[in-house]
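As structure tokens, the structure follows; a few thoughts come after it.
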Amino acid sequence: MIFTKDDFGPDFHWGVSTAAYQIEGAHDVDGKGPSVWDHFVSQKGKIQDHTTGNHACNHYHNYSEDVGLIQSLNIPNYRFSIAWSRIMPDGIGYINQDGVDYYNRLIDECLDKEITPWVTLYHWDLPLALQKKGGWVNREVLGWFEDYVSTCVKLFGDRVKNWMVLNEPMVFTGAGYFLGYHAPGIKGIKNFVPAMHHATLCQSLGGRIIRDLQPEANIGTTFSCSHIDPASPEPKDVKAAKRFDALLNRLFIEPALGLGYPVEDLPIARRVEDYLKADDEQNMVFDFDFVGLQNYTREVVRHNWYMPYLQGQIVKAEERDVELTTMGWEVYPKGIYKMLKKFNAYDKVKSILVTENGVAFDDQLENGHVKDPKRVKFLQSYICEVLKAKRSGVKVDGYFIWSLMDNFEWAEGYEPRFGIVYNDFETQKRIVKDSGYWYSRFLKSSKVMLNDELLKSSG
Ligand code: NOJ
């Protein structure tokens with residue numbers, strides 16, 4: 001049997017995702033203030049290929065063609081983020097009209113082309129001025145965030161109906177405030193725990209602000225997640241895997257659902273008590289209309305007594321004889337099915353959207369074409385797993401590919417190419433990859449195919 005897009009139903013949301021810092025460029029034009037990422041990339045040795053997002057895909061100037069491209073590919077939904085420091089260069093107070101005008105143009109362009117905008121309010125680019133006051137570690141971030149979110153909703157809520165409050169809080173707090181390999185490059189548990197708690201509070205606060213100002217809005221927030229297996233059936237590996245699962249997959253979603261932090265399985269999370277104020281536990285809760293699930297790979301975890309806080313470590317995919325992506329991640333389609341099941345098992349989750357899934361492979365531009373059969377296969381097999389989950393009763397209502405086009409992959413720079421459109425960063429020429437054409441045909445026609453074999457083989 002052949003499956004098609006119709007098997008997902010007429011209301012399923014198909015789309016592509018991007019984020020401001022990764023594509024906009026124009027880092028210092030029209031009154032934009034610097035963000036933590038602008039600052040981070042200016043420091044030596046932070047980005048593997050020594051590049052910056054200063055120009056990226058120049059989407060700031062090319063947005064109209066890019067939205068045209070999305071339309072020409074028959075993609076009905078576009079998820080992008082707002083750069084806080086374009087709207088509020090100092091993070092609070094003064095509103096930069098040129099920045100507002102840009103997002104007005106972008107949103108209007110989408111609507112003119114009948115593409116529904118899905119807007120992420122925070123995709124990691126905190127205004128630098130706020131980082132100078134401690135950033136996410138400082139509890140005052142709640143007030144700053146409230147100001148920013150309400151400003152955006154008042155400015156754009158007449159046309160934007162679908163909002164996502166945060167993008168992957170585990171990643172920006174973990175990589176940015178614990179491990180230090182993302183902006184702002186801060187390390188240590190004493191920074192991570194308050195940053196985590198304030199992000200959790202802002203996640204629900206953002207939801208409440210949107211709901212108050214725009215009761216008809218469709219409100220979500222997004223979570224990174226990866227299925228986790230223990231390296232062996234030994235109890236100590238199984239326990240270590242459970243700790244990592246609590247850290248990577250449960251830490252931010254459970255407080256929002258009223259379950260609190262997963263302290264039983266992740267003892268280190270008890271340190272949050274030092275930062276908990278009266279009412280925080282209630283204030284962490286918000287009934288999101290949807291949960292954004294972002295999945296790429298799985299992790300295998302082994303016990304390691306010497307590893308601080310977690311007593312465990314991730315066994316790298318390259319040591320495991322599995323298919324790898326440019327990021328060194330394992331291709332593991334079944335993982336998205338498992339994570340959909342896991343999120344769906346929470347009673348309070350009303351709807352799940354896959355707000356990111358995709359892959360970086362070593363794409364080559366040859367004679368004006370990019371043949372990327374491995375990405376086509378990757379997307380088909382992951383989408384098959386989404387369908388399998390849906391058929392088994394999971395409330396999954398959308399799927400967005402990461403990413404529309406190759407872009408600035410944070411600390412990895414431009415080497416990993418995640419796009420279904422190739423970008424020539426010298427000329428800013430966009431070249432649709434075979435995967436982009438495949439997605440486009442799949443979305444257009446009820447005859448194009450996810451084949452049964454894939455559905456079975458990954459099952
Ligand atoms: C998750 C992040 O949201 C996005 O910014 C990043 O580029 C992709 N994953 C790929 O790593």
Side-chain angles (χ1 to χ4, degrees), residues 121-122 126 130 133-150 153 163-174 176-178 188-213 215 217 219-225 242-294 309-310 339 342-352:
L121 285 157
Y122 184 77
L126 188 77
L130 300 182
K133 298 179 188 167
W136 287 96
V137 176
N138 183 344
R139 195 173 166 109
E140 282 180 49
V141 71
L142 271 72
W144 310 331
F145 195 68
E146 177 167 0
D147 198 15
Y148 166 62
V149 172
S150 55
V153 176
W163 297 98
M164 283 143 289
V165 180
L166 297 181
N167 182 72
E168 298 192 351
M170 183 59 227
V171 178
F172 76 79
T173 58
Y177 289 85
F178 183 62
I189 199 81
K190 69 174 195 313
N191 294 306
F192 171 68
V193 174
M196 166 205 92
H197 184 50
H198 300 146
T200 299
L201 287 166
C202 282
Q203 170 176 276
S204 46
L205 173 68
R208 279 193 295 279
I209 296 167
I210 306 170
R211 178 120 341 126
D212 282 354
L213 293 171
I219 310 168
T221 195
T222 78
F223 303 100
S224 47
C225 64
K242 222 172 176 195
R243 280 194 293 281
F244 273 73
D245 180 55
L247 176 74
L248 301 179
N249 297 326
R250 300 169 51 200
L251 190 59
F252 288 90
I253 189 172
E254 293 197 355
L257 299 173
L259 301 169
Y261 291 111
V263 288
E264 289 290 306
D265 292 319
L266 186 68
I268 186 73
R270 287 192 204 283
R271 297 203 185 189
V272 80
E273 281 162 18
D274 296 346
Y275 305 92
L276 270 184
K277 299 233 154 114
D279 299 334
D280 276 9
E281 285 188 282
Q282 290 101 283
N283 287 336
M284 298 189 308
V285 184
F286 181 71
D287 64 326
F288 285 102
D289 297 308
F290 70 93
V291 157
L293 180 155
Q294 313 203 148
Y309 314 118
L310 291 169
M339 291 314 303
K342 188 177 172 87
F343 279 16
N344 195 65
Y346 293 116
D347 288 350
K348 296 240 166 73
V349 167
K350 297 184 197 160
S351 163
I352 307 171

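In this text, all values refer to a predicted model and were calculated from it rather than measured experimentally.
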How long is the straight-line distance from OG1 of Thr173 back to CG of Asn191, given to the nearest 0.5 Å? 11.5 Å
Option from Val153, Val149, Ile209 for which side-chain contact (heavy atoms from CB on, under 4.5 Å) with Trp163 holds: Val153
Determine whether Leu310 and Phe244 make a side-chain contact, defined as any pair of heavy atoms from C-beta on separated by less than 4.5 Å. yes
Parallel, tilted or perpendicular: which fits the ring planes of Phe286 and Phe288, with parallel below 30° and perpendicular above 60°? perpendicular
Answer yes or no: does atom CG of Asp212 have more than 12 heavy-atom neighbours from other residues, nucleotides or ligands under 6.0 Å? yes
Can you tell me how far the CZ atom of Phe192 sits from the OH atom of Tyr309, to the nearest 0.5 Å? 11.0 Å
For residues Val349 and Phe343, report the shortest heavy-atom separation together with the two atoms involved. CG2-O, 3.6 Å
Locate the shortest heavy-atom distance separating Met196 from Leu251; write the atom from each residue and the value. SD-CD2, 3.5 Å
We want to know whether Asn249 and Asp245 form a side-chain donor-acceptor pair, criterion being a heavy-atom distance below 3.5 angstrom. yes
Of all heavy-atom pairs between Val285 and Gly258, which one has the smallest distance, and what is that distance? CG2-CA, 3.7 Å
With a 4.0 Å cut-off on N to O distance, would you call Arg211 and Asp289 a salt bridge? yes
Tyr177 to Ala195 - nearest heavy-atom pair and separation: CG-CB, 3.9 Å
Beyond-backbone contact of Ile210 with Leu121, side-chain heavy atoms, under 4.5 angstrom: yes
For Gly206 versus Phe145, what's the shortest heavy-atom pair and its separation? CA-CE2, 4.2 Å
Surrounding NZ of Lys348 (heavy atoms of other residues, nucleotides or ligands, distance under 6.0 Å), is the total greater than 12? no
Would you check if the side chain of Ser351 reaches a backbone N or O of Phe290 as a donor-acceptor pair within less than 3.5 Å? no
If I compare all heavy atoms of Met284 with all of Gly260, which pair ends up nearest, and what's the gap? CE-CA, 4.4 Å
Atom pair CG/NE2 of Asp280 and His197 - distance to nearest 0.5 Å: 3.5 Å
Quick one: are Asn167 and Gln294 in side-chain contact, heavy atoms under 4.5 Å? yes
Taking atom types as modelled and ignoring hydrogens, do the side chains of His198 and Tyr275 form a donor-acceptor contact shorter than 3.5 angstrom? no
Steps toward side-chain contact (heavy atoms from CB on, under 4.5 Å) verdict (Tyr346, Leu259): CA-CA 10 Å; Tyr346 293 116; Leu259 301 169; 3.8 Å; yes
Between the OH atom in Tyr122 and the OH atom in Tyr148, the distance rounded to the nearest 0.5 Å is 9.5 Å
Using modelled atom types only, decide if a donor and an acceptor are shared between the side chain of Asp265 and the backbone of Ala246 within a distance under 3.5 Å. no
Look at the side chain of Gln203 and the backbone N and O of Thr221, then say whether any donor-acceptor pair between them is shorter than 3.5 Å. no
Atom pair CD1/OH of Ile268 and Tyr261 - distance to nearest 0.5 Å: 13.5 Å
Under the 3.5 angstrom rule, does the side chain of Thr222 hit a backbone N or O of Leu293 as a donor-acceptor pair? no
To the nearest 0.5 Å, how far apart are CG in Leu142 and CG in Leu201? 5.0 Å
